[in-house]
**Student:** 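Have a look at this one before I ask anything.
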Amino acid sequence: MPYELNAVIGFFDLLRSRTAGSRAAAVAPLRQRMGLVPVTKQLLEELAGGPTGQDGVGPGQPFKAMPPAFEQTLSDWSRGGPIAYVEADFHGGDGYQTAAVWRTGVKAWGPAHTRVFTGPREDWPINAALALLDVVSSGSEEASHHDLFLEAGLGWEQDMDGWQSAGRAARWAATYDEWHAEHERTARATAEFEKSRRLPNVPVALDGKAIMELLGLPPGPLIGAATRHLQDLHRERGPLSREEAITRLRTWAVEQDTSRRGR
């Protein structure tokens, strides 16, 4: 699958404050309190005060077409915290990465560029830049496969349109904490919904009416959750007899009641 990225990365709150009032800039949230500003033609023209004749900062020609106004912007933004400019372009397994880091108003590292990805992942340009932004490994991967690119969430989107959409969707959030709280709430709601969503083409030992009579419950989400529980058991253990389904469902109902009481 093709992958394209031309972006500024830094702490979300820093980038939100630096782009306040910009019509072209959108800050997409990443993990570890990071944010990403897609570098588009519109953003470059806004910073330059007029047309630049460029679609970005030189995809395919790393850093060779960076307008002076854009580099000055990176220097200015970095006075509030370290930021990186990163490029990646892959098609059919071939491509490149380029990255540089600005800190306290000056370019502190890079640009580093490679088309060869056989060495340690921590040495790849974008991973090296993210390390300088204090992105860290969660330790969830094997030691030989730590990849800050994935840890930061740079695999969430595949192209500039995707990152622009992610940034526009988060424009309501003034801070990372606001976005994260809503993101967590939505994730919990989605998980709760998933628990009660009946799976297609998976048999269930008891229908909704039988479950209501057995548990003494009115129609509602708990009936859906009970049905889904029986379906999950079917997938894990194979077909259940009616008697076994009743026994397991009663045990499940007690566990649900205990869980609710403990909240």
Side-chain angles (χ1 to χ4, degrees), residues 4-59 62-63 65-89 98-111 125-126 129-130 132-135 148-149 152-183 186:
E4 180 188 4
L5 179 66
N6 286 3
V8 177
I9 298 175
F11 286 107
F12 180 89
D13 290 359
L14 169 64
L15 296 177
R16 286 288 282 126
S17 67
R18 292 297 187 265
T19 59
S22 170
R23 300 183 63 181
V27 186
L30 298 173
R31 294 193 184 104
Q32 300 192 30
R33 309 189 72 83
M34 292 285 129
L36 179 155
V37 178
V39 178
T40 62
K41 175 182 179 181
Q42 291 75 20
L43 177 60
L44 291 177
E45 290 182 348
E46 182 180 84
L47 295 174
T52 64
Q54 297 168 339
D55 291 331
V57 188
F63 281 75
M66 182 178 288
F70 179 62
E71 185 155 9
Q72 183 59 52
T73 294
L74 297 178
S75 296
D76 293 343
W77 287 1
S78 74
R79 297 183 190 279
I83 62 169
Y85 173 71
V86 302
E87 294 179 4
D89 195 357
T98 302
V101 174
W102 280 256
R103 188 187 297 270
T104 62
V106 297
K107 188 187 296 180
W109 177 85
I126 293 180
L130 291 172
L132 293 173
L133 299 187
D134 296 326
V135 174
L148 296 185
F149 184 99
L154 291 179
W156 287 349
E157 304 293 343
Q158 299 296 312
D159 55 34
M160 298 295 284
D161 288 342
W163 287 116
Q164 277 288 90
S165 295
R168 286 192 292 266
R171 270 184 170 153
W172 62 270
T175 67
Y176 189 88
D177 286 339
E178 286 184 2
W179 172 82
H180 189 262
E182 178 63 18
H183 177 73
T186 301

**Student:** Looking at CG of Leu74 and CG of Leu47, how far apart are the two atoms once the value is rounded to the nearest 0.5 Å?
**Tutor:**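 CG of Leu47 is found 8.5 Å from CG of Leu74.
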**Student:** Would you say Ser22 and Glu46 are linked by a side-chain donor-acceptor pair, where the criterion is simply a distance under 3.5 Å?
**Tutor:**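 Indeed, the side chains of Glu46 and Ser22 share at least one donor-acceptor pair under 3.5 Å.
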**Student:** Please identify each residue that fulfils salt bridge (Lys or Arg N to Asp or Glu O under 4.0 Å) with Glu178, with sequence neighbours left out.
**Tutor:**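 In terms of salt bridge (Lys or Arg N to Asp or Glu O under 4.0 Å), with neighbours along the sequence ignored, Glu178 is linked to no residue.
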**Student:** Do you know the tightest heavy-atom contact between Leu130 and Ala152?
**Tutor:**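 What the structure gives for the nearest pair is CD1-CB, 4.2 Å.
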**Student:** Less than 4.5 Å apart, any side-chain heavy atom of Glu87 and any of Leu5?
**Tutor:**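 The answer is no, as the side chains (C-beta and beyond) never meet within the 4.5 Å cut-off.
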**Student:** Could you give the distance from CD (Gln42) to CZ (Arg23), rounded to the nearest 0.5 Å?
**Tutor:**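 The CD atom of Gln42 sits 11.5 Å away from the CZ atom of Arg23.
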**Student:** What do the steps show when you test Arg16 against Thr175 for side-chain contact (heavy atoms from CB on, under 4.5 Å), and what is the final call?
**Tutor:** CA-CA 8 Å; Arg16 286 288 282 126; Thr175 67; over 6 Å; no
**Student:** In terms of the angle between their ring planes, are His183 and Trp179 parallel, tilted or perpendicular, with boundaries placed at 30° and 60°?
**Tutor:**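 Taking Trp179 first and then His183, their aromatic rings lie parallel (interplane angle under 30°).
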**Student:** Could you give the distance from CZ (Arg31) to CG (Leu148), rounded to the nearest 0.5 Å?
**Tutor:**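 Separation between the atoms: 11.5 Å.
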**Student:** Within a strict 4.5 Å, meaning less than it, do heavy atoms of the Leu15 and Leu36 side chains meet?
**Tutor:**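 Not in contact.
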**Student:** Determine, stepwise, if the pair Trp109 / Arg103 fulfils side-chain contact (heavy atoms from CB on, under 4.5 Å).
**Tutor:** CA-CA 9 Å; Trp109 177 85; Arg103 188 187 297 270; over 6 Å; no
**Student:** Distance check, rounded to the nearest 0.5 Å: Asn6 atom CG versus Asp89 atom CG?
**Tutor:**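 Result: 7.5 Å between the selected atoms.
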**Student:** Search all heavy atoms of Tyr176 against all heavy atoms of Gln32 and return the closest pair with its distance.
**Tutor:**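 In terms of heavy atoms, the two residues are closest at OH-N, 3.8 Å.
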**Student:** Kindly indicate, with the supporting measurements, whether the criterion side-chain contact (heavy atoms from CB on, under 4.5 Å) is fulfilled by Ile83 and Ile9.
**Tutor:** CA-CA 6 Å; Ile83 62 169; Ile9 298 175; over 6 Å; no
**Student:** Using side-chain heavy atoms (C-beta onward) and a distance below 4.5 Å, is Lys107 in contact with Val101?
**Tutor:**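 With C-beta onward as the side chain, the pair stays apart.
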**Student:** Indicate, with yes or no, if the rings of Phe70 and Tyr85 have centres closer together than 6.0 Å.
**Tutor:**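 Yes: the rings meet the under 6.0 Å criterion.
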**Student:** Determine the minimum heavy-atom distance between Thr40 and Gln164, stating which atoms define it.
**Tutor:**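 Shortest heavy-atom separation between Thr40 and Gln164 comes out as CG2-CD, 3.9 Å.
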**Student:** If I compare all heavy atoms of Ala170 with all of Val27, which pair ends up nearest, and what's the gap?
**Tutor:**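 Nearest heavy atoms, Ala170 then Val27: CB-O, 4.0 Å.
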**Student:** Of all the heavy-atom pairs spanning Pro38 and Leu43, show the shortest one and how long it is.
**Tutor:**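 Shortest heavy-atom separation between Pro38 and Leu43 comes out as O-CD2, 3.7 Å.
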**Student:** Just jot down the side chain to side chain contact (heavy atoms under 4.5 Å, CB included) partners of Asp76, sequence neighbours excluded, or say none.
**Tutor:**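 Testing Asp76 for side chain to side chain contact (heavy atoms under 4.5 Å, CB included), a comparison that skips the adjacent residues, returns Gln72, Arg79.
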**Student:** If you define the side chain from C-beta out and look only at heavy atoms, does anything of Thr98 sit under 4.5 Å from Pro125?
**Tutor:**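 No. Closest side-chain heavy atoms not under 4.5 Å.
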**Student:** To the nearest 0.5 Å, what is the distance between CZ (Phe12) and CG (Asp177)?
**Tutor:**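 Answer rounded to 0.5 Å: 10.0 Å.
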**Student:** Write down the atom of Val37, the atom of Ala25, and the distance for their closest heavy-atom approach.
**Tutor:**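 So the two residues come closest at CG1-CB, 4.3 Å.
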**Student:** With sequence neighbours excluded, what pairs up with Glu157 under the side chain to side chain contact (heavy atoms under 4.5 Å, CB included) test?
**Tutor:**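 Trp163, Ala166.
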**Student:** Say you draw a straight line from CG of Leu44 to NZ of Lys41; how long is it, rounded to the nearest 0.5 Å?
**Tutor:**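 That separation rounds to 10.0 Å.
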